[in-house]
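Below: one structure, written as structure tokens.
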Number of protein chains: 2
Amino acid sequence: MRQNATLKKIAERLSLSISTVSRALKDHPDISAETKKKVTELADLLEYDPNPYAVNLRTHSSKEFAVVVPSLSNFFYHSFIRSIEEEAQTLGYSVIIYRSANDPKIEQNILKSCRHKRVSGIFIAITTETMDMEPFLKLDVHGIPVIFFDKVPQYESCNKICVGDDHAASLAAEEILKRGTENVLGIFGHLNMSITKSRLEKFISVLSQANDHINLNVVHASSADEAEQLTLSLIPNYKKKNFVIFCMSDEILSGTMKAVQRKGLSAPKDLGIIAISDGMIPKLFYPEITYAETSGYNLGKLAYDRMMKCIAGSSFAQTIIDESKLVTGGSM
Amino acid sequence: MRQNATLKKIAERLSLSISTVSRALKDHPDISAETKKKVTELADLLEYDPNPYAVNLRTHSSKEFAVVVPSLSNFFYHSFIRSIEEEAQTLGYSVIIYRSANDPKIEQNILKSCRHKRVSGIFIAITTETMDMEPFLKLDVHGIPVIFFDKVPQYESCNKICVGDDHAASLAAEEILKRGTENVLGIFGHLNMSITKSRLEKFISVLSQANDHINLNVVHASSADEAEQLTLSLIPNYKKKNFVIFCMSDEILSGTMKAVQRKGLSAPKDLGIIAISDGMIPKLFYPEITYAETSGYNLGKLAYDRMMKCIAGSSFAQTIIDESKLVTGGSM
DNA sequence: AATGTTTCCGCAAACGTTTGCGGTATTAAA
DNA sequence: TTTAATACCGCAAACGTTTGCGGAAACATT
């Protein structure tokens, strides 16, 4: 078990003091050019790298970001994480991933551990049951910036980066109006998700305000399988009629698509299909599904920006909405 | 900026020494029950948690695993990471994710940083260009266990956890034989990937040994788009004939499926489709695609097991192959 | 009463840094 | 030649733990 190079070893080999070596390495003006040269050369040779734990213990600052999500089996969060990781790497930060399993208890433990690790910052999508803001306030007291994303709390004065749910829903609704179809099957997620509510309300309002002949049927599914079953059982209602299915999320879309294929229907001939999605699933089909894009990747970039501003000091709370754009496949 | 509780503070409040507090908290036999009680109570009250940096500095051991992958936009790695994270959490380890971008330089930096952080262990899928084993040997010298997974080096004496490429390929080949179809289109990845070679060889050998009337056409695609184009242009060759398409990976499958849908064909009527996959993509279609499963999730469990054995001391090198199983959809 | 055992606890060093402060040469100014 | 300024550098404390060792009581044994 060999040891890593330390300041002490370099100092001994060069008959210098530890402090001189430390200063030489960070180009401190007190140190002569000659000494600096000797030190950096030996440091290179020995592959010296400061021990992060010692540095942290001394300076109270790590170079790590934490990303906390309810679940890891989710495209959106994956894109988000990828996005953060890309940015972080350029500045030498590393990214630690935590999964709360949608359990507020676990979430609290994670936050506590982040506090004790003194992470540089936290990106978090909270659980659906997170009520207590106290752990977050405590982080604030300790000077650890928190950026909420996607699933954000009601609480006002904090930094939130959200998908523009209404915007996405209205983009989809408008596209449906454009197609001129009056029979619409809207498949939404469970109502305990905040996004369900906002997407649903906007979707309904845009459709109904524009055309009062719209025949809209709204159903809720909380899994892909459920969406599949629901679609299967509802498709017969639209027999021979021209109709459109709107899927609120990737999960629902994937269930619905199976049902559509199973019934031997194909878009845009037999029906129209449109979704709100990150983009991965819609591109698997031919024709590609038209969707309003909610990009985890974009959200990541925005969140990272905000984080950097917080770290730099500009810390007033702010809510940023990532407006989505319509990506046209051939399914409408 | 409030401070976290420390041993020192607890000690002062209780007029004890720091060492006594430390020992009381870890249930050391030297400390009386009475003292232990007082200490733990105050510690709870103050929400004391040991400073991980101080602990690490002192003990030379962190509670962190590193997972290093070439890319994060890949189901397989995501399942793997999820799997590791699930296990790690139960023992209070955290998981740090690093992305090498398939660049050996970046990979080396990551490894160096892991060494200096003294991570408890490293799970790594190496880049396609990783030749130099020296950084890994150095980790070994420092007592940091490395588990290679999926993309592993040629080097013999190290711990490798791999997908059973031959096995998966032969499962698929056998299923094709079972169907009795003699026209086979095999779409494989680029030949610079090691998995391509092993899957291809086994696939060919199983097919040709069993039936010398097999008309096998092998092509290579290095992206989903390419697979789509290739499939589109080759399908006409099989006009009216009964044929099977084999897709070596998820990426290829997704391209191929688009082409198949575009041509208006459907399995198993017009053709057979079979793939090697993690399982996510095949389940999006109806009928679900039959596939030989290579599970990132399973691989994660195996890798974690191996890691724990290494940490516990049983450190002889070993190569573990995760044999895959056939998951029957309706596409054959 | 002297010695041997327990039981419980504190001292102090160490892990590898960072940094305020002070100190010694060297050079410039008086 | 003395004094003041400058350029370099080292001392030592601190960050929060862990742990070997030693020490003082309290008790049991001759």
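Only heavy atoms go into these numbers, but all of them, side chains included; no hydrogens, no water, no symmetry mates. Labels below follow one simple rule: chain letters A, B, ... track the order of the sequence lines, proteins then strands, and each chain is numbered from 1.
In this structure, NE2 of A:His60 is placed 10 Å from P of D:dT17, rounded to the nearest angstrom. The interatomic distance linking B:Asn56 (CG) with D:dG16 (P) rounds to 16 Å, in whole Å. The distance from atom NE2 of B:His116 to atom P of C:dC15 is 16 Å, rounded to the nearest whole Å. As rounded to whole Å, 18 Å separates atom C1' of C:dC15 from atom NZ of B:Lys117. Rounded to whole Å, the distance from NZ on B:Lys8 to C1' on D:dT17 is 12 Å. The CD1-C1' distance, from B:Ile10 to D:dT17, rounds to 12 Å in whole Å. We find that NE2 of B:His28 is positioned 12 Å from P of C:dC8, with the value rounded to whole Å.
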Evaluation steps, side-chain contact (heavy atoms from CB on, under 4.5 Å), between A:Tyr297 and A:Phe76: CA-CA 8 Å; A:Tyr297 195 82; A:Phe76 188 80; over 6 Å; no

Verdict with supporting geometry, B:Glu34 and B:Lys38, salt bridge (charged side-chain N to carboxylate O under 4.0 Å, His left out): CA-CA 6 Å; B:Glu34 193 191 1; B:Lys38 280 196 306 188; 5.8 Å; no

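For the pair A:Ser22 and B:Leu57, nearest-nucleotide mapping onto DNA chain C gives the more 5' position to B:Leu57.
A donor atom on one side chain and an acceptor atom on the other are found under 3.5 Å apart for A:Ser17 and A:Thr20.
Looking at residues 44-55 of chain B, you'll see that no heavy atom sits under 4.0 Å from any atom of DNA chain C.
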Check nucleotides 7-14 of chain D for protein N or O atoms closer than 3.5 Å to its own N or O atoms and list the pairs.
from, atom 1, to, atom 2, distance (Å)
D:dC9, OP1, A:Thr35, OG1, 2.7
D:dC9, OP2, A:Ser32, N, 2.9
D:dC9, OP2, A:Ser32, OG, 3.2
D:dC9, OP2, A:Thr35, OG1, 3.1
D:dC9, N4, A:Asp30, OD2, 2.6
D:dG10, OP1, A:Ser17, N, 3.3
D:dG10, OP2, A:Ser17, N, 3.0
D:dG10, OP2, A:Ser17, OG, 2.9
D:dG10, OP2, A:Thr20, OG1, 2.0
D:dG10, O5', A:Ser17, OG, 3.4
D:dG10, O6, A:Arg23, NH1, 3.0
D:dC11, N4, A:Ser19, OG, 2.9

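Aromatic ring pairs are classed by plane angle as parallel below 30°, tilted from 30° to 60° and perpendicular above 60°; the pair B:Phe65 and B:Tyr93 is parallel.
A donor-acceptor contact shorter than 3.5 Å is absent between the side chain of B:Asn102 and the backbone of B:Pro70. Counting only distance, with no hydrogens or angles, the side chain of A:Lys36 and the backbone of A:His28 share a donor-acceptor pair below 3.5 Å.
Ring centers of B:Phe148 and B:Phe136: under 6.0 Å apart, within the cut-off.
Between B:Glu64 and B:Arg118 there is no salt bridge, since no side-chain nitrogen of the basic residue lies less than 4.0 Å from a carboxylate oxygen of the acidic one. Note on A:Arg99 versus A:Glu107: no salt bridge recorded, every NZ/NE/NH1/NH2 to OD/OE distance being 4.0 Å or above.
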